[in-house]
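The block underneath contains the structure these notes are about, expressed in structure tokens.
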Amino acid sequence: MDMKTKLPNIYEYTDFRIFLNKYQKTRYSFDKQFSRIRICKLLGIPKSRSYFSDVINGKKVTDTFIERFINVFELKSHEALYFRTLVLFNQATTIDERNAYFDHLITLNRSPKRILNKDTYEYFKEWYHSVIRAMLDIYDIKKNVNKIGSML
């Protein structure tokens, strides 16, 4: 691998499909054997030419194929655990499930963390702060502040 070519860090993703797509494209840039068709073969479905693309485009991934992706993409133990949880998070069917998997992803994430100062924390603590700020950049609502509430 070229020193300038760095494979994507799974901990930077909240969508496993985007991770798989980016990883495949990056690796293919220096390893032409890592094509989408070859990935299908490595996943154990040699007659399929489109399974990987179908997954990238939204096809559900079963537990069996989660494990196969982990092997093909050579994810280490903690990365594999994050990937499993990421797939479950992305494929969750209820908001409660999704929230539970998201909380688990946060605990598993190994990205560098930094401490926010109190003002920054207070700003991002509520979702509507940044929405209102963005609205002020787009709309001239100084004359009609009540419009903010109706637009939210």
Side-chain angles (χ1 to χ4, degrees), residues 1-138 151-152:
M1 175 168 58
D2 183 343
M3 293 305 281
K4 293 180 183 177
T5 307
K6 184 178 172 194
L7 291 170
N9 176 355
I10 187 141
Y11 301 113
E12 294 176 2
Y13 293 84
T14 56
D15 186 323
F16 79 95
R17 291 176 172 87
I18 295 172
F19 168 75
L20 291 176
N21 191 36
K22 179 73 173 173
Y23 186 104
Q24 185 274 326
K25 286 180 178 180
T26 303
R27 185 159 164 190
Y28 183 75
S29 72
F30 63 85
D31 176 7
K32 297 301 183 202
Q33 295 297 310
F34 206 71
S35 68
R36 289 176 174 226
I37 294 171
R38 175 100 166 101
I39 289 171
C40 290
K41 289 178 183 171
L42 293 171
L43 288 170
I45 42 178
K47 294 186 180 184
S48 174
R49 299 176 61 95
S50 67
Y51 178 77
F52 183 76
S53 294
D54 292 344
V55 168
I56 298 304
N57 291 321
K59 182 177 181 69
K60 189 174 190 310
V61 178
T62 63
D63 292 343
T64 300
F65 278 95
I66 291 172
E67 297 309 312
R68 291 180 187 184
F69 273 114
I70 288 168
N71 289 328
V72 170
F73 284 72
E74 301 170 345
L75 300 174
K76 306 297 181 242
S77 63
H78 195 272
E79 294 171 330
L81 180 57
Y82 186 86
F83 181 79
R84 282 185 201 98
T85 307
L86 188 57
V87 173
L88 294 171
F89 166 69
N90 291 150
Q91 296 184 156
T93 56
T94 69
I95 193 73
D96 290 338
E97 255 187 319
R98 193 164 168 80
N99 287 339
Y101 289 128
F102 185 72
D103 288 344
H104 194 205
L105 284 173
I106 290 171
T107 64
L108 294 173
N109 196 309
R110 295 218 171 149
S111 294
K113 295 167 181 59
R114 65 177 203 175
I115 305 298
L116 298 176
N117 66 41
K118 187 174 187 280
D119 290 338
T120 305
Y121 174 76
E122 288 299 322
Y123 176 78
F124 286 109
K125 182 177 168 185
E126 302 295 340
W127 65 269
Y128 52 82
H129 292 156
S130 56
V131 173
I132 292 171
R133 182 180 171 101
M135 287 169 57
L136 292 172
D137 287 340
I138 298 170
M151 292 175 76
L152 283 174

Subject >> Gap separating the OG atom of Ser35 from the NZ atom of Lys25, nearest 0.5 angstrom >> reply: 14.0 Å

**OP:** Evaluate the side-chain proximity of Tyr11 to His78: yes if any heavy-atom separation is below 4.5 Å, no if none is.
**Re:** yes

Subject >> Phe83 side chain reached by Tyr13 side chain, heavy atoms, under 4.5 Å >> reply: no

**OP:** Identify the heavy atoms of Cys40 and Ser48 that sit nearest to each other, and give their distance.
**Re:** CB-O, 3.3 Å

**OP:** Test the Lys32-Tyr28 pair against the cation-pi criterion, namely NZ or CZ under 6.0 angstrom from the six-membered ring centroid and within 45° of the ring axis.
**Re:** yes

Subject >> Smallest separation among heavy atoms of Ala80 and Ile70, with atom names >> reply: CB-CG2, 3.6 Å

Original post:
OG1/Thr85 to CG/Asn90 distance, rounded to the nearest 0.5 angstrom?
Top reply: 11.0 Å

Original post:
Leu81 and Leu108: which non-hydrogen atoms are nearest, and at how many Å?
Top reply: CD2-CD2, 3.6 Å

Subject >> Minimum heavy-atom distance Asn21-Ile56, with the two atoms named >> reply: N-CD1, 3.6 Å

Original post:
Roughly how far apart are Leu75 CG and Tyr82 OH, rounded to 0.5 Å?
Top reply: 12.0 Å

**OP:** Kindly say whether Asn57 contributes a backbone atom to a donor-acceptor pair with the side chain of Arg17 at under 3.5 angstrom?
**Re:** no

Original post:
Quick one: does Phe34's side chain get under 4.5 Å of Val72's, heavy atoms only?
Top reply: yes

Original post:
Any side-chain heavy atom of Tyr51 sitting closer than 4.5 Å to one from Arg36?
Top reply: no

**OP:** Look at Glu74 together with Arg27 and state whether they make a salt bridge at an N to O cut-off of under 4.0 Å.
**Re:** yes

Original post:
Rounded to the nearest 0.5 Å, how far does CZ of Phe69 lie from OG1 of Thr64?
Top reply: 12.0 Å

Original post:
Is there a side-chain contact between Ile45 and Phe65 (heavy atoms, below 4.5 Å)?
Top reply: yes

Original post:
Any idea how Phe52 and Phe73 line up, ring-wise: parallel (<30°), tilted (30 to 60°), or perpendicular (>60°)?
Top reply: parallel

**OP:** Taking all heavy atoms of Lys41 and all of Pro46, pick out the closest pair and write down the distance.
**Re:** CG-CA, 3.9 Å

Subject >> Within residues 43-72 or reaching into it, pairs that qualify as salt bridge (Lys or Arg N to Asp or Glu O under 4.0 Å) - sequence neighbours excluded >> reply: Glu67-Arg84

Original post:
Looking at residues at least two apart in the chain, or sitting in another chain, which of them share a side chain to side chain contact (heavy atoms under 4.5 Å, CB included) with Ala100?
Top reply: none

Original post:
Mind checking whether Phe16 and Gln91 have side chains closer than 4.5 Å, heavy atoms only?
Top reply: yes

Subject >> Expected output: side-chain Ser50 to main-chain Ser53 donor-acceptor under 3.5 Å >> reply: no

Original post:
Roughly how far, to the nearest 0.5 Å, is the CD atom of Glu12 from the CD1 atom of Ile18?
Top reply: 12.5 Å

Subject >> Straight-line distance of Leu88 CG to Tyr101 OH, nearest 0.5 Å >> reply: 4.5 Å

Original post:
Which atom names give the shortest non-hydrogen contact between Asn9 and Phe19, and what distance separates them?
Top reply: C-CE1, 4.3 Å

